[in-house]
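Comments concern the structure below.
This is a predicted model, so every value here is computed, not measured.
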Amino acid sequence: MTYNTEVWATLKEKLPYERTDDQKKKRMDQWQQIDVNGNGYLSLAEVDKAMKDTVGLPVLFDIKPVLMRAFQAAKSVAPSKSKQGDDYIQKSEYRLLLQYLRQYFELWIAFQRVDSDEDRRVSYEEFESAKDTMAKWGIDMSDPQAQWKECDANGGGQVLFVEFCDWAIKKNLDLEDDDD
């Protein structure tokens, strides 16, 4: 699936993760709407539903790997002081969740561009074929085999989205056609 340039503006508008007063107010308004039971925690199911209904980003609702990675990353930033907090997003983690949603969406697009047969796995052949594209994203692809070994962290011969993300984050992957 391809995304037009409007998607970046929509993400910027609906994922208020910047540290400004206006963005903080938008985050708190979203939080109040999403935390309907008022317990101070958001489950993955609540975040999933919120992307479609409250935040109004069905594009993220439809891409479960992005939601999963962002949720896991945000809830793991700092240990919770309560027993259940490590399994949920707390208000103090919500800004990071929004930021991670933006980041993992970008990585999802990159992953899709490399995964030419669209099987949600990247083979070495696909990886090597995309070396010029990945170089445009700021990754040194002068030795594709070395990069592949790093990316295929478990040595399974196929790279899944989670492995790709871990590798791409370390490499500071930056799509050339997004908004930053």
Side-chain angles (χ1 to χ4, degrees), residues 1-115 118-121 153 159-170 172-175 177-180:
M1 175 179 267
T2 58
Y3 298 96
N4 62 30
T5 55
E6 292 174 15
V7 75
W8 301 113
T10 302
L11 290 173
K12 189 174 186 98
E13 173 194 341
K14 297 190 177 207
L15 298 176
Y17 60 81
E18 294 176 7
R19 294 178 186 254
T20 66
D21 290 340
D22 181 52
Q23 295 256 310
K24 184 176 183 177
K25 182 184 179 330
K26 287 179 183 177
R27 273 194 308 279
M28 292 305 100
D29 289 346
Q30 283 180 353
W31 178 269
Q32 294 300 321
Q33 293 175 48
I34 298 168
D35 184 24
V36 293
N37 61 9
N39 68 355
Y41 299 101
L42 297 180
S43 68
L44 178 58
E46 288 172 312
V47 170
D48 187 31
K49 185 176 181 332
M51 287 307 109
K52 183 174 153 195
D53 299 341
T54 306
V55 178
L57 283 172
V59 67
L60 289 179
F61 176 80
D62 292 338
I63 308 172
K64 302 305 183 203
V66 168
L67 286 171
M68 284 294 300
R69 295 281 65 81
F71 186 87
Q72 295 298 323
K75 75 178 189 65
S76 301
V77 169
S80 175
K81 294 177 181 159
S82 70
K83 183 180 171 186
Q84 67 270 31
D86 285 337
D87 296 325
Y88 299 93
I89 298 294
Q90 298 173 73
K91 190 184 282 190
S92 62
E93 298 164 322
Y94 186 62
R95 184 189 71 78
L96 290 173
L97 172 69
L98 298 176
Q99 189 169 8
Y100 283 132
L101 284 166
R102 165 60 179 83
Q103 179 180 19
Y104 283 101
F105 181 77
E106 180 176 356
L107 295 175
W108 177 257
I109 291 174
F111 181 77
Q112 283 189 312
R113 290 179 183 173
V114 176
D115 179 23
E118 299 178 4
D119 65 352
R120 291 192 175 197
R121 301 178 301 180
V159 171
L160 301 177
F161 182 59
V162 65
E163 288 175 293
F164 184 82
C165 289
D166 291 344
W167 173 79
I169 289 168
K170 288 177 194 166
N172 295 313
L173 182 149
D174 185 27
L175 290 179
D177 57 351
D178 68 339
D179 66 342
D180 62 4

Of all pairs that satisfy salt bridge (Lys or Arg N to Asp or Glu O under 4.0 Å), the ones with a partner from residues 56-74, not counting sequence neighbours: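 For residues 56-74: D48-K64.
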Sole residue of L42, L44, L96 in side chain to side chain contact (heavy atoms under 4.5 Å, CB included) with I89: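 Per the side chain to side chain contact (heavy atoms under 4.5 Å, CB included) rule, the option paired with I89 is L42, out of L42, L44, L96.
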Should [X] and [Y] count as side-chain neighbours, where that means a heavy-atom distance under 4.5 Å?
X	Y	value
I34	V47	no
V77	Y100	yes
K91	R27	no
L60	V55	no
Y104	M68	no

Residues in salt bridge (Lys or Arg N to Asp or Glu O under 4.0 Å) contact with [X], at least two apart in sequence or another chain:
X	value
D29	K25
E18	K12
D22	K26
K52	none

Partner residues of F164 under the ring-ring contact (aromatic ring centres under 6.0 Å, His included) criterion, sequence neighbours left out: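 By the ring-ring contact (aromatic ring centres under 6.0 Å, His included) rule, F164 matches F111, W167.
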Results of ring-ring contact (aromatic ring centres under 6.0 Å, His included) for W31 - residues two or more places apart only: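 Result, ring-ring contact (aromatic ring centres under 6.0 Å, His included) vs W31: Y94.
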So how far is it from [X] [atom1] to [Y] [atom2], rounded to the nearest 0.5 Å?
X	Y	atom1	atom2	result
I109	I63	CD1	CD1	7.0 Å
F105	L175	CZ	CG	9.5 Å
F71	L101	CZ	CG	10.5 Å
L107	R102	CG	CZ	9.0 Å
S92	L97	OG	CG	11.5 Å

Going by side-chain contact (heavy atoms from CB on, under 4.5 Å), name the residues that satisfy it together with [X], two or more places apart in sequence or in a different chain.
X	value
S43	A45, E46, Y88
P58	none
V36	none
E163	D152, A153, N154, V159, L160

Any side-chain donor near an acceptor of the partner, Q23 and R19, under 3.5 Å: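 The criterion, which ignores hydrogens and geometry beyond distance, is not satisfied for R19 and Q23.
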Heavy-atom pair of closest approach, residues R120 and D115: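 So the minimum-distance heavy-atom pair works out to N-OD2, 2.8 Å.
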Under 3.5 Å donor-acceptor, Q30 side chain and K14 backbone: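 Answer holds: yes.
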Exceeds 12 heavy-atom contacts within 6.0 angstrom, atom CG of D21: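 Check fails, neighbour count at 12 or below.
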I169 vs Q103, side-chain contact (heavy atoms from CB on, under 4.5 Å): CA-CA, chis, key distance, verdict: CA-CA 9 Å; I169 289 168; Q103 179 180 19; 3.5 Å; yes
R121: side-chain hydrogen bond (donor to acceptor under 3.5 Å, both in side chains) partners, not counting sequence neighbours: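 Only D119 meet the side-chain hydrogen bond (donor to acceptor under 3.5 Å, both in side chains) criterion with R121.
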